[in-house]
S.K.: 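Submitted below is the structure of interest, expressed as structure tokens.
A note on names: the letters A, B, ... follow the listed sequences, proteins ahead of strands, and every chain is numbered from 1. Please read all numbers here as calculations on a predicted model, not as lab measurements. Just the heavy atoms: all of them, side chains too, but no hydrogens, waters or symmetry mates, feed the values below.
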Protein chains: 2
Amino acid sequence: MDLKRLSHLLALADERHFGRAAERVHLSQPALSRSIQALESETGQRLFDRDTGDVRPTPAGEFLIERARRLLFDARSLERDMALYSDRQLGSLAFGVGPFPAAMLMHQVVPRLRLDHPAVTLRVEVNNWQILEARLRAEAIEFFVADIRNFTAESDLLIRSLGQVSAGFFVRPEHPLAGRQVSMGELEGYGIATTRLPEVVKLETARTLGISTRQALPIVLECDDVALLKTVAGSTDTILGVIHGAVAEDIRVGRLIELHVVDRPGFHSEIGVVSLQGRSLSPTALCVIEAVVGEMQSVHVEQSPRF
Amino acid sequence: MDLKRLSHLLALADERHFGRAAERVHLSQPALSRSIQALESETGQRLFDRDTGDVRPTPAGEFLIERARRLLFDARSLERDMALYSDRQLGSLAFGVGPFPAAMLMHQVVPRLRLDHPAVTLRVEVNNWQILEARLRAEAIEFFVADIRNFTAESDLLIRSLGQVSAGFFVRPEHPLAGRQVSMGELEGYGIATTRLPEVVKLETARTLGISTRQALPIVLECDDVALLKTVAGSTDTILGVIHGAVAEDIRVGRLIELHVVDRPGFHSEIGVVSLQGRSLSPTALCVIEAVVGEMQSVHVEQSPRF
DNA sequence: CGTTATTACGTAGATCGTAAGAATA
DNA sequence: TATTCTTACGATCTACGTAATAACG
């Protein structure tokens with residue numbers, strides 16, 4: 001059953017005339033005649049009654065024509081859908097985001113995606129990097145955006161760095177430490193709320209501070225939900241330790257202010273895109289990654305610490 | 001979009017191995033490789049990631065594979081349906097039957113059709129020959145079985161005679177005329193009930209009787225519903241004038257008996273199959289016509305007048 | 001080095017267009 | 001005789017298999 005043949009069938013069914021039907025399918029008239037004959041031979045049924053100057057479908061012809069019309073419609077839909085898919089206007093995309101990138105980038109990127117690609121089904125998994133890595137290997141997500149400092153030596157993962165983003169300590173405006181220079185030691189009395197940090201980051205930070213014990217950072221609340229962390233910092237004197245991008249809006253409206261820590265360590269995060277080595281990404285995934293890159297760049301500009 | 005190509009796609013998607021997939025679609029491995037490449041070129045998307053010894057669909061591949069699977073299923077269904085249609089196991093059939101053939105043949109033929117071809121949708125139009133001819137020309141029915149004496153000269157109709165069937169006069173057992181020889185003249189007092197007869201038949205019958213006026217046959221009830229005619233003859237002294245085949249069962253069970261008319265004219269009907277000249281019939285239609293022919297023959301045997 | 005996918009190349013089959021033929025009005 | 005479908009024939013294009021090549025473990 002060849003689709004081209006079936007399209008010849010439909011042309012003849014519509015035109016009821018070999019000459020015109022042949023023209024319609026860009027074929028010579030004898031070629032169309034042969035094509036129809038081949039179909040009749042294939043089905044073992046006469047499909048058209050030809051009385052000179054009068055071509056009409058037989059009952060068997062009507063039967064086949066009706067079904068062929070549906071099949072060809074479906075075939076054309078498939079081609080159209082594939083074109084739309086290539087144009088990122090159809091399909092589905094699942095990707096992951098770490099807590100910080102989610103708070104910093106996704107509030108811009110996801111609404112934009114919904115506007116630009118309304119027919120693409122999205123699944124955005126916000127989770128910590130361990131879960132995201134497992135999800136990626138299980139191919140439940142195509143890629144994820146997260147802190148990439150855990151994935152240095154992994155050769156089966158393709159890691160694209162989007163650069164470092166600085167972090168800081170943030171408190172509510174009425175906080176006792178607000179508005180003046182503070183030392184790291186002073187933070188201990190209030191405790192720090194932050195996301196679940198990779199071990200490497202904790203150790204590195206401690207080392208930067210010149211402290212050998214893990215207790216160097218007085219973390220009193222570990223939670224991957226940045227919105228929840230903000231609520232805690234906004235309603236208590238707990239100190240929020242996150243990247244600047246995650247609280248840009250809160251600082252703008254005055255809900256939070258940054259502490260001016262004089263001996264502040266090189267507290268930062270390195271954001272990157274992680275995908276499986278050697279696996280192609282969908283057009284939409286590539287598009288989202290570009291959007292994330294672009295968003296990172298634009299955030300970077302306005303992301304310098306403000307006191 | 002070629003269906004063969006898509007079947008190659010599915011084979012590779014299932015086997016995840018060019019060699020095995022090629023074997024499955026009866027192709028050499030390089031040929032399959034080219035076929036997939038052609039599809040990738042056509043869609044503009046890489047469809048499989050090939051790492052030596054590991055072939056896996058890309059997201060674009062998954063997208064296409066899923067849809068291709070549905071399309072190929074539909075294509076195979078079409079082929080299967082067409083085969084079933086040719087084998088008279090699928091489709092629909094509309095045909096017409098005159099009142100007499102309906103009463104004589106269809107009670108055998110239609111149940112048999114339902115048993116042998118359960119998946120074929122039937123429409124049986126029982127009507128008089130004028131309506132049936134119009135329905136045939138409108139192509140609302142493929143053919144009809146009726147008295148063909150009206151269709152002698154029609155060249156655009158294809159008429160297949162099934163032979164003559166004799167008619168007679170029938171009454172209820174308690175009828176005053178029952179059980180003895182009667183003359184045509186005696187019928188007049190009770191009146192005859194019959195179907196709407198063609199003018200030619202009326203005239204011919206009158207001529208056979210040697211009477212010149214149309215009033216020769218004292219028809220008091222004209223109706224195309226044979227069952228209704230029978231009810232009238234069974235509950236009144238009205239005389240039923242129909243073909244023998246239409247009342248075979250009623251005579252067998254003693255509901256009606258035939259009048260022994262001594263000067264009975266050559267009262268008969270000529271049954272035939274009428275279809276459009278030069279128009280092919282569906283396989284099922286041909287099958288039904290054969291069944292009607294066979295039924296006519298078997299009825300003919302037991303159809304000799306009994307007194 | 002063995003396995004597996006791709007590229008090269010010559011061939012067989014399908015399909016095409018032009019031209020000639022047959023049928024019908 | 002004009003129109004329309006079919007058959008004949010030569011050309012072209014596609015898809016195939018075999019063989020050689022390349023990539024990877």
S.K.: Starting from C1' on dG25(D), measure out to CG on Asp54(B) and report it in whole angstrom.
M.R.: 12 Å

S.K.: Among dA5(C), dT7(D), dC16(C), which nucleotide sits nearest the side chain of Pro30(A)?
M.R.: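 Among dA5(C), dT7(D), dC16(C), the one nearest the side chain of Pro30(A) is dT7(D).
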
S.K.: Can you check the Arg34(A) CZ to dA19(C) P distance for me, whole Å?
M.R.: 14 Å

S.K.: Using only side-chain N and O atoms of Arg50(A), determine if any of them is under 4.0 Å from OP1 or OP2 of dT6(D).
M.R.: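 Answer is yes, contact under 4.0 Å.
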
S.K.: By nearest atom, which of the nucleotides dG17(C), dT4(D), dG17(D) is closest to the Ala31(A) side chain?
M.R.: dG17(C)

S.K.: Check whether any side-chain nitrogen or oxygen of Ser33(A) sits under 4.0 Å from OP1 or OP2 of dC5(D), and answer yes or no.
M.R.: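 No, outside the criterion.
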
S.K.: Please state how far atom CZ in Phe48(B) lies from atom P in dT4(C), giving the value in whole angstrom units.
M.R.: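 That distance rounds to 17 Å.
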
S.K.: Can you tell whether the side chains of Asp156(A) and Arg137(A) come within less than 4.0 Å, N to carboxylate O?
M.R.: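 The answer is yes: the pair qualifies as a salt bridge.
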
S.K.: Starting the side chain at C-beta, find the nucleotide from dG17(D), dC16(C), dT4(D) nearest to Leu27(B).
M.R.: dG17(D)

S.K.: In terms of side-chain heavy atoms of Ser28(B), which of dA5(C), dC16(C), dT18(D) is nearest?
M.R.: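 Nearest to the side-chain atoms of Ser28(B), counting from C-beta on, is dT18(D).
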
S.K.: Closest to the Phe18(B) side chain: dG17(C), dC5(D), dT6(C)?
M.R.: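 Nearest to the side chain of Phe18(B) among the choices is dT6(C).
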
S.K.: For the pair made of CG in Asp51(B) and P in dT6(C), what is the distance, rounded to whole Å?
M.R.: 11 Å

S.K.: Please state how far atom CG in Asp2(B) lies from atom P in dA15(D), giving the value in whole angstrom units.
M.R.: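 Going from Asp2(B) (CG) to dA15(D) (P), I get 7 Å.
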
S.K.: Rounded off to whole Å, could you give me the CD1-to-P distance for the Ile36(B) and dT7(C) pair?
M.R.: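 In whole Å, dT7(C) P and Ile36(B) CD1 are 14 Å from each other.
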
S.K.: Taking only side-chain nitrogens and oxygens of Thr52(A), does any of them come within less than 4.0 Å of OP1 or OP2 of dT24(C)?
M.R.: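 So the side chain of Thr52(A) is outside the cut-off, no N or O lying under 4.0 Å from OP1 or OP2 of dT24(C).
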
S.K.: Can we say Arg80(A) and Asp87(A) salt-bridge, meaning some charged N sits less than 4.0 Å from an Asp/Glu carboxylate O?
M.R.: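 No salt bridge links Arg80(A) with Asp87(A).
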
S.K.: For Gln37(B), report the nucleic acid contact type (base, sugar-phosphate, nothing); a contact means any heavy atom under 4.0 Å.
M.R.: sugar-phosphate

S.K.: Please state how far atom CD in Glu40(B) lies from atom P in dA5(C), giving the value in whole angstrom units.
M.R.: 13 Å

S.K.: Identify whether NZ of Lys or CZ of Arg in Arg67(A) sits under 6.0 Å from the centre of the six-membered ring of Phe63(A) and within 45° of that ring's axis.
M.R.: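 Relative to the ring axis of Phe63(A), which defines the angle, Arg67(A) lies inside both limits.
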
S.K.: Are any of Arg5(B)'s side-chain N or O atoms less than 4.0 Å away from OP1 or OP2 of dA15(D)?
M.R.: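 Checking dA15(D) against Arg5(B), a side-chain N or O does come within under 4.0 Å of OP1 or OP2.
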
S.K.: From CD of Gln29(A) over to P of dA20(C), roughly how many Å is that when rounded to an integer?
M.R.: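 Atom-to-atom, Gln29(A) to dA20(C), this comes out as 16 Å.
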
S.K.: I'd like to know if Arg56(A) and Glu15(A) make a salt bridge, using a cut-off of under 4.0 Å between side-chain N and carboxylate O.
M.R.: no

S.K.: Whether Arg149(A) and Asp147(A) form a salt bridge (side-chain N of Lys/Arg under 4.0 Å from carboxylate O of Asp/Glu) is what I want to check.
M.R.: yes

